[in-house]
Each structure stands twice: as structure tokens, then as C-alpha cells.
Amino acid sequence: MTALTLADCEARDRTDPLAPLREQFLLTPGRIYLDGNSLGLLTRAARERIRATVEDEWGVDAIKGWHTRDWMGLPDRVGARIARLIGARADEVTVADSTSINLFKLAASCLRAGNGSRRKIVTELGNFSTDVYVLQGLRDLLGPQVQLCAVPREEVVAAIDRDTALVVLTHVHYKTSELFDLAEITRHAHAQGASMLWDLSHSVGALPVHLNAARVDFAIGCTYKYLNGGPGAPAFLYVRKDLQEQLPAGIAGWLGHSKPFDFCDDFEPAAGMRRHHCGTPGILGQASLDGSLSVFDQVDMQAVRQKSLQLTQLFIDLVEQECAGHGLSVVTPRSPERRGSHVSLRHEHGYEIMQALIAREVIGDFRAPDVVRFGFTPLYTSYVDCWHAVSRLRDVLESGSWQVADYRVRRAVT
Ligand SMILES: Cc1ncc(COP(=O)(O)O)c(C=O)c1O
């Protein structure tokens with residue numbers, strides 16, 4: 001194979017149909033931002049939408065905004081925009097709370113709807129920590145009627161049986177970027193009579209998802225990663241249309257009531273996805289997400305996926321070409337159909353290496369004990385970014401410049 005060059009990367013950028021979208025993001029000159037799998041960048045549209053919400057809506061209308069700006073309808077309108085990206089109907093998705101809370105709500109709803117006929121929840125050992133913690137908490141709350149079966153990835157399919165109420169899996173693994181076959185596992189769960197819940201945190205906005213086509217029951221996901229909704233932006237949740245009316249609210253709160261302003265003593269769920277709202281929606285976060293989603297109105301998710309695969313492949317090829325012999329190994333699957341939109345590398349001094357890279361304006365992150373992650377957001381990552389990121393990684397490794405005491409100090413967010 002002939003060696004890849006900077007000129008090759010420049011040529012790819014010149015013919016990249018998504019390249020003009022980069023202009024819609026606020027990028028810092030000289031910085032290579034490869035952490036959109038953790039926190040996506042600010043769009044110009046979101047910045048303007050936040051400004052307008054603060055100054056023109058809240059600042060002018062104050063409480064009248066709930067009517068004049070239909071703030072109450074905003075979570076469903078934003079949900080409808082996300083629905084298009086995940087192969088769902090507009091009335092199957094809404095935006096509320098965090099991904100962790102949405103998992104609790106939907107898992108609790110599903111168990112309540114089953115009336116204890118099945119006891120088991122199956123998930124992957126090593127799934128993103130919050131997914132496992134939430135399910136552990138639910139098990140502890142409900143006692144022996146719930147059994148949590150967290151097993152290694154390769155044992156998940158076999159663990160799904162006739163006693164399984166719910167299977168909870170993350171479509172793209174947060175650490176390795178490995179993809180599950182969403183349609184195939186959903187089919188298997190349904191064949192056993194179990195419900196299927198997918199965490200789409202690392203999928204939404206990075207690759208096309210087809211929830212309806214696979215007849216997925218439930219889904220949840222973050223909006224601050226590839227959807228660029230902003231730090232702590234509210235999460236989304238999906239429930240398949242035909243399940244909605246029979247599903248109780250996982251947390252019954254006043255805004256999930258059919259008539260919240262009647263303030264009656266007994267909970268009566270609102271129709272459809274509304275019942276999954278418990279408290280007042282944070283309008284600033286919703287507005288920011290609404291603004292950031294505008295960029296997706298201009299793109300086809302197949303084109304996003306195609307570029308994502310080309311970026312991740314280029315990055316892996318460059319790491320192998322430029323950084324061989326320095327103790328790095330590629331954790332992410334090489335076969336494209338099994339790979340999400342970030343690339344993970346393992347190194348025993350991964351934390352320090354990432355700190356040295358960040359000091360050189362290559363922004364990725366670290367997941368314990370030894371994985372460095374590089375996220376590729378096709379809307380703003382260029383092929384030349386891959387080149388410069390790997391060149392700086394090679395320099396850090398060759399010079400040993402990661403061996404600085406300060407780089408060993410673990411920060412609160414890694
Ligand atoms: C797969 C996955 N699920 C859930 C979360 C956490 O979501 P939240 O903080 O919105 O509860 C993350 C955060 O990175 C994640 O990667």
C-alpha cells in the first residue's frame with residue numbers, strides 16, 4: 001500500500017460534499033476537535049436560538065411565553081426533528097430530562113406494564129456505567145421480582161430467554177465504538193417475548209438508525225454529543241406508537257398528567273409521549289437543541305455515515321502508518337459495519353498521552369483504565385484534521401513529551 005500523505009487528505013476535503021457545513025460551527029483556529037462523541041460543538045444556529053429565547057422570548061414575554069411561544073409544545077417539536085434521524089414517527093419521540101432518567105422511566109414503565117410476568121432485565125457488562133447503575137437501582141427498589149442479568153457482550157444473545165422482560169443495550173459502545181446489530185438483536189428479543197430498549201447516545205446524528213423498521217419498543221439517547229445540543233442538553237426518549245397508550249408513566253409527575261392545571265389528587269396519564277414528562281421542561285436547553293438540529297435539515301444521514309466511515313478508516317490507517325512501535329493498539333473494530341463514529345486506542349499511558357495531545361490542541365478524551373478516544377463528527381471534522389491529529393500524536397510518542405508530572409494528575413472529567 002502506498003503511504004498516505006497530507007496532499008491525499010487535502011484532496012479528500014476538496015471533494016467532500018459535507019465540507020461547507022463546517023462553516024455553521026464555531027471552531028477555534030488551530031484546534032483539532034475530536035470530542036464530538038462527548039460534547040458536540042456550538043452551531044451558529046444554536047447560539048442565535050439561545051440568544052433569541054433569552055432576549056426576545058423570556059426577556060419580553062416572561063410567563064406569557066408558555067402561550068405566546070408555545071414553550072409547552074417545544075419538547076415534542078424538538079422530538080419530531082430527532083425522530084427523522086432515528087427512523088421513527090414524529091409522535092414517537094419527545095425530549096425531557098437526562099438519558100439516565102429516561103432509562104429509569106422507560107424500564108420502570110415496561111416492568112409495570114408486564115405485571116411481574118417476567119423477571120429478567122438483560123444488559124451488557126461494561127455497558128455505559130449509568131445504564132447499569134440505573135438498572136441496579138431499579139432492581140434494588142423492586143426486590144426479588146426483578147433479576148438483573150449483566151453479562152459479557154458475547155453472552156448477551158444467549159441470556160435473552162422466555163423469562164426476560166426487557167433487554168437494554170447501547171447501540172454504539174461508548175468505549176470501543178463497536179456496533180450491535182440493532183435489527184437482529186431486536187428480532188431475537190421479540191422472538192423470546194422480551195421488549196427491547198436501545199441507548200442511541202453514540203448513534204444519533206452519527207449514523208442512520210431505523211427504529212420503526214426494526215420494530216424497536218423503546219429508545220433513549222443524549223443530544224449533547226453528535227446532535228450538538230450543548231453541555232447537559234436534555235435527552236430524548238422514544239416509545240413505539242402502538243405501545244404508547246398501554247404504557248404507564250415511569251415517574252408520574254404533574255406535567256405527565258392529562259390535565260396538569262386541574263391539580264387533581266389522582267394521576268391520570270396524558271395521551272402518547274406527554275405522560276413521560278414529569279416536571280417543567282428547561283426551555284433554554286430545549287431551545288439550544290432546537291437550534292442545533294437545523295444543520296440536520298440540510299443533510300442526508302447516509303452521506304453522514306459514509307463520511308464518518310471514511311474519517312475513522314483514514315484515522316486508523318494513519319495511526320498504523322505513523323505511530324507503529326509505540327505500544328498503541330486499535331480497540332475499535334476494523335470492519336466498517338461494526339464501527340461507530342469514534343476510534344479508540346489503547347496505551348498503558350493513555351491518560352498522559354491524551355493530556356499531552358490536548359496541550360497541543362488535539363482534543364479527544366480518555367476512558368479508564370487505558371483507552372483514548374477520538375470522535376469524528378462528519379459535519380465539521382475534515383480529512384486534514386485526521387492528518388494533523390495523527391502527526392501530533394506521533395510527535396508526542398516519539399519525543400516522550402507525555403512524561404510530564406502534571407499530565408498524571410487526574411481531572412474530574414477525563
Ligand atoms: C451510552 C451513554 N448513555 C448515557 C449517557 C449519560 O447520559 P446522561 O448524562 O444524559 O444521563 C452517556 C454519556 O456519555 C452515554 O455515553
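All values below were derived from every heavy atom in this structure, side-chain atoms included, with hydrogens, water molecules and symmetry-related copies excluded. Just so you know, ligand 1 is whichever comes first in the structure, and atom 1 is the first atom listed for that ligand. All values reported here derive from a predicted model rather than from experimental measurement.
- Between H349 and W402, the ring planes lie parallel to each other; the angle is under 30°, not in the 30° to 60° tilted range.
- Using a cut-off of 4.0 Å between Lys/Arg side-chain N and Asp/Glu carboxylate O, D163 and R118 are scored as not salt-bridged.
- Within the listing of ligand 1, atoms 1 (C) sit less than 4.0 angstrom from a heavy atom of T170.
- The shortest heavy-atom distance from A235 to ligand 1 is not under 4.0 Å.
- Within ligand 1, counting atoms from 1 as listed, the ones closer than 4.0 Å to a heavy atom of D199 are 1 (C), 2 (C), 3 (N), 4 (C).
- T99 N, 3.0 Å is the protein heavy atom nearest to atom 10 (O) of ligand 1.
- Within 6.0 Å of the NZ atom in K241, the count of heavy atoms belonging to other residues, nucleotides or ligands exceeds 12.
- Counting heavy atoms of neighbouring residues, nucleotides and ligands inside a 6.0 Å radius, atom CZ of R410 exceeds 12 of them.
- Which parts of ligand 1 touch T130 is read off a 4.0 Å heavy-atom cut-off, strictly below it: atoms 4 (C).
- Looking at Y224, F128, Y174 and measuring to atom 8 (P) of ligand 1, the nearest heavy atom belongs to Y224.
- If you number the atoms of ligand 1 from 1 as listed, the ones under 4.0 Å from a heavy atom of D131 come out as 3 (N), 4 (C).
- Salt-bridge formation is not detected for the pair R408/D406: no Lys NZ or Arg NE/NH1/NH2 atom is positioned less than 4.0 Å from an Asp or Glu carboxylate oxygen.
- Ion pairing between D385 and R31 fails under the 4.0 Å rule for side-chain N and carboxylate O.
- The protein atom (non-hydrogen) at minimum distance from atom 16 (O) of ligand 1 is H202 NE2, 2.9 Å.
- Annotation for R51: atom CZ counts as buried by contact number, over 12 foreign heavy atoms lying within 6.0 Å.
- With hydrogens left out, the protein atom closest to atom 11 (O) of ligand 1 is S100 OG, 2.5 Å, a heavy atom.
- When each atom of ligand 1 is checked for a heavy atom of S98 under 4.0 Å away, the hits are 10 (O), 11 (O).
- The protein heavy atom nearest to atom 14 (O) of ligand 1 is K225 NZ, 2.6 Å.
- Ionic pairing of R392 and E322 is not present here: no N-O contact between side-chain nitrogen and carboxylate oxygen is shorter than 4.0 angstrom.
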